[in-house]
Amino acid sequence: MAILVTGGAGYIGSHTVAELLEKNEEVIVVDNLEKGHRDAIMSDKLNGCPKLFVGDLRDKDFLKEVFSKNDIEAVIHFAAYIEVGESVANPLKYYNNNVIATLNLLTAMKEAGVNKIVFSSTAATYGEPENIPILETDKTFPTNPYGETKLAVEKALKWADNAYGIKHVILRYFNASGAHVSGCIGEDHSPETHLIPLVIQAALGKRESIKIFGNDYNTPDGTCVRDYIHVSDLANAHYLALQSLRTREESNIYNLGNGKGFSVREVIDVVRKVTGRPIKAEDAPRRPGDPAILVASSEKIKKELNWEPKMADLETIVSTAWEWHKNHPDGYNDK
Ligand code: UDP
């Protein structure tokens with residue numbers, strides 16, 4: 001039976017597809033390729049090639065066809081819009097794609113009798129944290145529509161479990177970063193808004209400088225502190241989540257981070273060190289909706305699913321990202 005990965009041609013999705021292929025799973029990808037890249041799942045350096053269905057989760061007939069044509073055991077659901085700023089400007093676009101599309105997916109699963117789902121959620125469900133490190137039991141109070149849409153799905157999953165027995169594992173990611181060690185897949189967002197790829201673009205001379213959004217936060221150097229986690233460590237957590245659904249048939253929620261915070265200035269310094277290139281940084285106003293500090297406690301997933309990050313060190317994470325961007329300065333170059 002196959003694992004259906006929605007958004008499998010995206011950044012975290014493609015790294016998870018690579019991990020599943022490595023584990024000899026049969027993989028089917030559904031992606032509308034609006035943001036995803038065909039080449040992210042077609043490299044001959046991967047352990048095989050998934051079956052790709054190009055289409056949109058908002059198209060119910062398309063979904064029905066995918067579920068009727070394939071023998072699907074479980075779903076790993078990534079497909080969503082992910083930009084916080086855009087979600088504030090255009091919340092309905094986010095509700096439409098992130099919530100309505102997921103309800104269609106759950107309906108298709110229910111009709112096809114598929115009862116396992118791993119869901120891609122986010123630290124943005126917490127909003128401004130009450131405690132650091134953040135625990136899964138802490139209050140969820142998103143400060144932007146992106147986080148709200150993810151939390152809305154988390155709640156729908158709870159009730160879908162209650163009524164239909166569809167079991168879920170929700171993974172709340174902190175800052176996904178880095179690239180696959182093979183060098184064949186990496187981060188390529190358009191537009192790019194994430195710190196590490198933007199700083200690397202500055203190192204490559206593709207942008208003149210990096211803007212530091214806010215220098216007056218209540219943090220040691222005044223800039224925001226985040227918990228950076230390697231994308232392949234995240235991918236491995238999806239495999240473990242899938243295994244737990246197979247063996248324990250129990251729904252759960254887990255944070256995923258490294259439990260260590262780095263300020264924006266510290267990240268820029270690490271990129272300078274790894275690349276050996278000068279990088280101009282300039283102070284800029286705060287970015288609306290940014291909490292000062294987001295650091296995860298991932299003790300629960302370590303304890304319950306035996307998850308252990310293999311690339312927890314920020315220099316290692318940045319080195320893998322640097323390898324990818326140096327060799328793919330224009331990303332997949334397919335748009
Ligand atoms: N950031 C920055 N300059 C940039 C992009 C991001 O100072 O050009 C900061 C941002 O304000 C946040 C941190 O870097 O504090 C990480 O931002 P990113 O967008 O990578 O991830 P997020 O924390 O929003 O998930």
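Numbering of ligands and ligand atoms starts at 1, following listing order. Atom set for the values below is all heavy atoms of this structure, side chains included, hydrogens, waters and symmetry mates excluded.
If you look at Tyr332 and Trp324, their ring centroids are closer than 6.0 Å.
The side-chain contact (heavy atoms from CB on, under 4.5 Å) test with Val30 is passed by exactly one of Leu57, Val5, Val54, Asp56: Leu57.
Looking at every heavy atom in both residues, Ala292 comes nearest to Glu128 through N-OE2, 3.7 Å.
In the hydrophobic clustering, Val295 connects to Tyr126, Ile132, Ile134, Phe174, Val225, Ile293, Leu294, either directly or through intervening members, whenever side-chain heavy atoms lie under 4.5 Å apart. Residue Ile82 belongs to a hydrophobic cluster whose other members are Tyr81, Val84, Tyr94, Tyr146, with links defined by side-chain heavy atoms closer than 4.5 Å.
Protein residues with any heavy atom under 4.0 Å from ligand 1: Asn175, Thr193, His194, Leu195, Leu198, Ile210, Lys211, Ile212, Phe213, Cys224, Arg226, Tyr228, Val264, Arg287, Asp290.
Among pairs with a residue in residues 234-272, those fulfilling ring pair (Phe, Tyr, Trp, His ring centres under 6.0 Å) read Phe78-His238, Tyr173-His238, at least two apart in sequence or across chains.
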